[in-house]
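A note on names: the letters A, B, ... follow the listed sequences, proteins ahead of strands, and every chain is numbered from 1.
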Amino acid sequence: MSKPRDRIIMLFDLDYFYAQVEEIKNPAIRNKPVLVCVYSGRTQNSGVVSTANYIARSYGVRSGMPIVLAKRKLKDIDSVFLPVDHDNYKSASDRVMAILKGHADTLEQVGIDEAYMEVTAKAGGEYARARELAVAAKKEVLEREGLTASIGIGPNKLVAKVAADANKPDGITLVRPEEVLAFLFPLPVDRLMGVGKKTGEKLEAMGVRTIGELAAVSVQRLREEFGDSLGTFLHNASKGMDEEVVHERGDADSISRIATLKEDTRDLGAISAVTDVLCAEVHERLRQRRLSFRAVGVVAIMRDLSIQTRSKTLSEPTDDLAVLRRTTVELIEKLLKESNKYVRRAGVKVSGLVAEKRTQRSLTSFFQ
DNA sequence: GTATGCTTTCGGC
DNA sequence: TTACGGCCGAAAGCATAC
């Protein structure tokens with residue numbers, strides 16, 4: 001068994017990304033609360049805040065907050081509400097990621113505004129040099145794109161991620177291996193990636209609030225409470241141990257579209273009318289990437305915001321829009337049969353994506 | 001028992 | 001007091017094959 005060499009990993013995280021891109025596009029809004037929103041189209045202000053700048057956050061506005069609630073928090077404050085402009089954010093993101101590649105051994109983009117950077121070789125294994133790389137990356141992104149970012153540096157992805165969150169916006173946080181425990185222990189457990197609402201509440205009930213308190217619980221106890229997988233993960237994470245490798249990611253391996261219905265309904269025809277459009281949009285994206293799909297999934301977000309999904313794997317891949325539509329309707333029908341709730345939003349997803357083979361047309365269809 | 005595949009849920013951004 | 005998007009990947013949970 002060979003011992004893996006010590007790694008140095010950075011997490012690069014663009015600050016309040018969508019809102020920051022909007023500030024660059026229109027600098028006049030920079031000194032006001034800026035909220036980039038997803039408008040669902042159901043009523044004038046139905047939808048949620050996707051990203052808010054730090055001025056808006058100082059009034060209590062948060063990502064995922066209903067727009068109407070954000071409006072209430074900003075009553076009588078001169079604020080800017082903008083709809084998402086995904087194409088613009090994507091092109092800014094692409095340019096930033098291209099810059100980051102030049103500062104890393106390996107770049108793993110996560111979402112539109114974050115990337116893990118393995119810098120072990122580039123930094124020669126030295127944290128002081130890793131910091132210089134972080135400074136250089138931030139400088140180049142600021143000079144070329146006008147965007148600030150926050151960076152965490154540590155011995156693995158888990159520590160790098162927590163470190164990046166420790167000093168935002170426009171910060172660099174470096175945690176050397178010998179500093180990991182002192183850095184993590186005072187922090188609340190939910191700062192660990194993988195500890196969300198559910199796990200956080202369960203830990204709270206066990207009297208565990210901080211990462212240090214989590215580290216004091218035996219791995220046996222954690223495995224009893226959370227199962228082998230999550231229990232082992234929590235134990236390792238509490239001590240800042242993580243072996244996840246930084247790997248470049250290819251294109252997404254699923255394509256999905258979802259939309260909010262004009263009104264809640266259980267009518268198959270009304271829902272199909274919407275999913276037919278979503279299917280066509282998914283199909284267009286498949287066509288652009290020259291892909292066939294082998295699995296189809298539907299999702300329904302019900303009136304009470306609970307989520308139901310159904311999916312079906314086909315016997316062989318296809319690129320046929322009619323098959324996509326038919327399968328979607330079939331799955332929605334099944335879902336409605338198995339739930340009595342009203343549907344608020346409906347979505348379609350294809351997965352099992354494979355490079356399109358030359359479509360083998362049957363003799364009958366060939367002669368038709 | 002282990003490996004693999006499929007469906008559904010969870011949760012980050 | 002309520003309020004409420006659109007993506008994505010990972011993992012859980014279960015079934016089947018060997």
Q: Choose from B/dT7, C/dA3, C/dG9 the nucleotide whose nearest atom is closest to any side-chain atom of A/A252.
A: C/dG9

Q: Take the protein atom CZ of A/R303 and the nucleotide atom C1' of C/dA3, then report the distance between them rounded to whole Å.
A: 15 Å

Q. So what does A/R285 touch, heavy atoms closer than 4.0 Å: a base, only the sugar-phosphate, or nothing?
A. sugar-phosphate

Q. Can you tell me how far P of C/dG9 sits from CD of A/E108, to the nearest Å?
A. 12 Å

Q) Across the strands shown, which category fits A/R294 at heavy-atom distances under 4.0 angstrom: base, sugar-phosphate, nothing? A) sugar-phosphate

Q | Separation of the C1' atoms in C/dG5 and B/dG11, to the nearest angstrom | A | 15 Å

Q: Specify the separation, in whole Å, of atom CG of A/L278 and atom C1' of C/dC7.
A: 13 Å

Q.
For a quick check, with a 4.0 angstrom heavy-atom cut-off, what is the B/S/- contact string for nucleotides 8-13 of chain B, read 5' to 3'?
A. BBSSSS

Q) Can you check whether A/S40 has a side-chain N or O nearer than 4.0 Å to OP1 or OP2 of C/dC4? A) no

Q: Report the distance from atom CZ of A/R42 to atom P of C/dC4, rounded to the nearest whole Å.
A: 8 Å

Q: Could you tell me the separation between the CZ atom of A/F226 and the P atom of C/dG13, rounded to a whole number of Å?
A: 13 Å

Q | Check: A/A134 main-chain N/O paired with A/H103 side-chain donor or acceptor under 3.5 Å | A | no

Q | Side chain of A/R345 (C-beta onward), nearest among C/dG9, C/dG5, C/dC4 | A | C/dG5

Q: Name the nucleic acid region contacted by A/R344, choosing base, sugar-phosphate or nothing; use a 4.0 angstrom heavy-atom cut-off, strictly under.
A: sugar-phosphate

Q. Out of curiosity, A/N53 CG to A/E23 CD, how far, rounded to the nearest 0.5 Å?
A. 5.0 Å

**Q.** Rounded distance (Å) that lies between atom P of C/dG5 and atom CG of A/L35
**A.** 16 Å

(Q) Using a 4.0 Å heavy-atom cut-off, does A/S229 contact any base of the nucleic acid, only the sugar-phosphate backbone, or nothing at all? (A) sugar-phosphate

(Q) For a quick check of understanding: with a heavy-atom distance under 4.0 Å over all strands, which category does A/R249 fall into, base, sugar-phosphate or nothing? (A) sugar-phosphate

Q.
For a quick check of understanding: with a heavy-atom distance under 4.0 Å over all strands, which category does A/I255 fall into, base, sugar-phosphate or nothing?
A. sugar-phosphate

Q.
Between C1' on C/dT2 and CZ on A/R72, what's the gap in Å once rounded to a whole number?
A. 8 Å

Q | Per A/I258 side chain, nearest of listed nucleotides C/dA3, B/dC6, C/dC7 | A | C/dC7

Q) Mapping A/L69 and A/T260 to their closest nucleotides on DNA chain C, which lands nearer the 5' end? A) A/L69

Q) Can you check the A/H86 NE2 to C/dC8 P distance for me, whole Å? A) 9 Å

Q) Where each residue is assigned the nucleotide of DNA chain C containing its nearest heavy atom, which of A/V38 and A/D253 is assigned the position nearer the 5′ end? A) A/V38

Q. So A/E213 and A/R209, salt bridge (Lys or Arg N to Asp or Glu O under 4.0 Å) or not? Walk me through it.
A. CA-CA 7 Å; A/E213 286 162 2; A/R209 235 200 88 258; 5.3 Å; no

(Q) Mind checking if A/T51 touches a base, just sugar-phosphate, or nothing, with heavy atoms under 4.0 Å? (A) nothing

Q: For side chain to side chain donor-acceptor pair (under 3.5 Å), just list the numbers for A/Q220 and A/E224, CA-CA rounded to whole Å, side-chain angles, deciding distance to a tenth of an Å, and then say yes or no.
A: CA-CA 6 Å; A/Q220 291 84 356; A/E224 283 164 24; over 6 Å; no

Q | Stepwise side chain to side chain donor-acceptor pair (under 3.5 Å) check, A/R344 with A/T260 | A | CA-CA 6 Å; A/R344 178 185 179 90; A/T260 301; 5.6 Å; no

**Q.** Joint cluster assignment, A/L14 & A/I9, ILVMFWY side-chain distance < 4.5 Å
**A.** no

(Q) Need one value for A/N45: base, sugar-phosphate or nothing, where a base atom within 4.0 Å counts as base even if backbone is also close, heavy atoms only. (A) nothing

(Q) With salt bridge (Lys or Arg N to Asp or Glu O under 4.0 Å) as the criterion, how do A/K157 and A/E244 come out once you've worked through the C-alpha distance, each side chain's angles and the decisive distance to 0.1 Å? (A) CA-CA 7 Å; A/K157 287 165 84 168; A/E244 287 299 309; 5.1 Å; no

(Q) Mind checking if A/A295 touches a base, just sugar-phosphate, or nothing, with heavy atoms under 4.0 Å? (A) nothing

Q: Using atom types as modelled and distance alone, determine if a side-chain donor or acceptor of A/R303 lies under 3.5 Å from a backbone N or O of A/K341.
A: no

Q. How are the rings of A/Y18 and A/Y89 set to each other: parallel, tilted or perpendicular (split at 30° and 60°)?
A. parallel

